Amino acid sequence: KNAVLSIRKNVGRNILLLGVAFLIINLVMAGLEIRTATKKSMDATRQSLGSDVTLAYNMKALMSNRSKGEALDQFNISIKVSDANELSKLKYVTSVNYLQSVSVDTDDIEPVNMSSTTTTSQSKQLENNQDNKKLGPMDNNNFTVSGQSTMKTLSAFVNKQYVLKSGRLLSESDAHTNNVVISSELASDNNLKVGSTFSVYTSDSSNNKTTITVNVVGIYRVKTVNQIGGMSNRQSPYNTIYSSLETAQKLNGSTTTISSAIYTLDDPSHISAFKKIAKKTSVDWNTYTLDANDQVYQMSIGSLKNMNK
């Protein structure tokens, strides 16, 4: 009887306690849902950035260690193929693409000019000008040869910024060939088509030329460009000539170095683990660096991490 009376007396308090308990449970459940949603968003962000990790020269370290006023062209900013090969054998790597970029010119075709004041003939005059000898023979080149093991994993084509218009892209089977892929604008300006040939060359400090005749097997169209203003001819995607890695290396004068290497991993979630393993190799990490769009990733998930605390 006393128990019943006690319950009746404290009905209001019991209801209040039940209400508070219910509210606490709901808050805990909401917190768990937010945490789960945040983790999913972070995972989705990482997935959207892909599973590529790029081995490149550590320019930040270079700039920190260079002497005051020291020119960057005094440094050999390249990657040893042997170092790139060492990382290609690590766990999580499913494929690798080696890249070599080299500035070239040609007497056979005209570039897609990025400025009405810059023409090939004017560039030649500038190169021969006595007042500009200090610039060196490569400073006025109008084209860039971009060599790689394969074009199928190049982000500009994967993301549909560039699309194939005719012919085909280069693959591993084009190794040791002089096949190239050019922009539709460059092709149109010079009446080039699949099957056309032209020669490109580089010059060393002694003005010795290395010349290669290339064969057009594909033509691509540039759909989107992040920046046009301020570009020189050789920086323009319209004047980029995609070739095999070996062709670019020959033009660059070295078969033992590359500009960068892109490692595709089996899953984006393994990027951190891959980096940890890579740091244990004999590769000189004072010279090189690994990048997986980390800066973009950290900026993207900054606010999500705060919510997840």
Side-chain angles (χ1 to χ4, degrees), residues 41 44-56 59 95-104 106 109-119 141-171 174 179-194 196 200 214 216-245 248 259-265 268 271 291-302:
S41 296
T45 300
R46 180 71 270 178
Q47 291 281 345
S48 69
L49 293 175
S51 58
D52 288 348
V53 181
T54 301
L55 175 68
M59 295 301 298
S95 64
V96 60
N97 194 9
Y98 292 172
L99 293 88
Q100 176 65 59
S101 181
V102 56
S103 173
V104 304
T106 174
I109 61 175
E110 295 289 329
V112 177
N113 281 311
M114 303 308 294
S115 170
S116 59
T117 60
T118 302
T119 65
N141 289 344
N142 284 297
F143 303 88
T144 293
V145 165
S146 177
Q148 58 276 301
S149 307
T150 177
M151 291 181 70
K152 66 181 181 182
T153 57
L154 294 181
S155 60
F157 290 91
V158 173
N159 298 331
K160 305 299 183 181
Q161 292 174 293
Y162 306 167
V163 295
L164 186 65
K165 183 178 179 182
S166 62
R168 62 179 178 82
L169 299 180
L170 302 178
S171 64
D174 290 290
N179 295 335
V180 296
V181 176
I182 63 174
S183 73
S184 56
E185 290 76 12
L186 184 62
S188 176
D189 284 7
N190 292 279
N191 297 316
L192 300 174
K193 60 183 179 180
V194 172
S196 296
V200 296
V214 297
V216 178
V217 298
I219 297 174
Y220 66 92
R221 179 169 63 89
V222 178
K223 289 185 65 178
T224 58
V225 183
N226 294 329
Q227 176 188 346
I228 288 292
M231 278 187 179
S232 66
N233 284 345
R234 72 171 179 268
Q235 293 172 321
S236 167
Y238 305 113
N239 295 316
T240 297
I241 302 168
Y242 290 95
S243 75
S244 67
L245 175 66
S259 299
S260 61
I262 301 176
Y263 302 90
T264 300
L265 308 187
I271 288 176
D291 179 60
N293 289 317
D294 297 305
Q295 186 174 2
V296 175
Y297 178 59
Q298 294 300 330
M299 290 175 62
S300 300
I301 69 170

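This is a predicted model, so every value here is computed, not measured.
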From T153 OG1 over to D52 CG, what is the distance, rounded to the nearest 0.5 angstrom? 7.0 Å
So, S149 side chain and Y98 main chain: donor-acceptor pair closer than 3.5 Å or not? yes
Taking N142 for its side chain and P111 for its backbone only, find out whether a donor-acceptor pair lies under 3.5 Å. no
To the nearest 0.5 angstrom, please state how far the OG atom of S51 sits from the CG atom of L265. 5.5 Å
Nearest heavy-atom pair of L169 and M151: which atoms, and what distance? CD2-CE, 3.7 Å
Donor-acceptor pair, distance only, cut-off 3.5 Å: does the side chain of N239 make one with the backbone of V112? yes
Checking Q235 against S232 for the side-chain hydrogen bond (donor to acceptor under 3.5 Å, both in side chains) test, could you report, in this order, the C-alpha distance in whole Å, the side-chain angles of both residues, the deciding distance, and whether it holds? CA-CA 5 Å; Q235 293 172 321; S232 66; 3.3 Å; yes
Please confirm whether the ring centroid of F157 lies under 6.0 Å from the ring centroid of Y242. yes
Just verifying a value: how many Å separate I219 CD1 and L186 CG, rounded to the nearest 0.5 Å? 9.0 Å
Does K193 have any salt bridge (Lys or Arg N to Asp or Glu O under 4.0 Å) partners at least two apart in sequence or in another chain, and if so, which? none
Show, in sequence, the C-alpha distance, side-chain angles and deciding distance for L99 and I262, and conclude whether the side-chain contact (heavy atoms from CB on, under 4.5 Å) test is met. CA-CA 8 Å; L99 293 88; I262 301 176; 3.8 Å; yes
Considering only heavy atoms from C-beta outward, does the side chain of Q148 approach that of L154 to under 4.5 Å? yes
Any heavy-atom pair between the side chains of T106 and F143 that's under 4.5 Å? yes
Do I271 and V53 touch side chain to side chain, with heavy atoms closer than 4.5 Å? yes
Can you tell which of S146, S259, S260 makes a side-chain hydrogen bond (donor to acceptor under 3.5 Å, both in side chains) with Q100? S259
Looking at every heavy atom in both K165 and S184, which two are closest together, and how far apart are they? CD-CB, 3.9 Å
Sidechain-backbone polar pair: T240 side chain, T144 backbone, donor-acceptor under 3.5 Å: no
By side chain to side chain donor-acceptor pair (under 3.5 Å), R168 pairs with (sequence neighbours left out) D174
Got I109 and L192 here, is their nearest side-chain heavy-atom distance under 4.5 Å? yes
Give the minimum heavy-atom separation between K160 and K223, together with the two atoms involved. O-CD, 3.4 Å
Counting distance only, does the side-chain N/O of S183 pair as donor-acceptor with the main-chain N or O of Y238 below 3.5 Å? yes
Would N233 and N113 count as a side-chain hydrogen bond (donor to acceptor under 3.5 Å, both in side chains) here? Give the steps. CA-CA 6 Å; N233 284 345; N113 281 311; 3.0 Å; yes
Quick one: pull up OG in S243 and CG in N179 and give me the separation to the nearest 0.5 Å. 10.0 Å
Is there side-chain contact between V216 and V181, with at least one heavy-atom pair below 4.5 Å? no
Are side-chain heavy atoms of I241 and V200 found at a separation under 4.5 Å? yes
Between CG on residue L170 and CG on residue L245, distance to nearest 0.5 Å: 11.5 Å
Checking the side chain of N141 only, and the main-chain atoms of S103 only, is there a donor and an acceptor separated by less than 3.5 Å? yes
To the nearest 0.5 Å, how far apart are CG in N190 and OG in S196? 9.5 Å
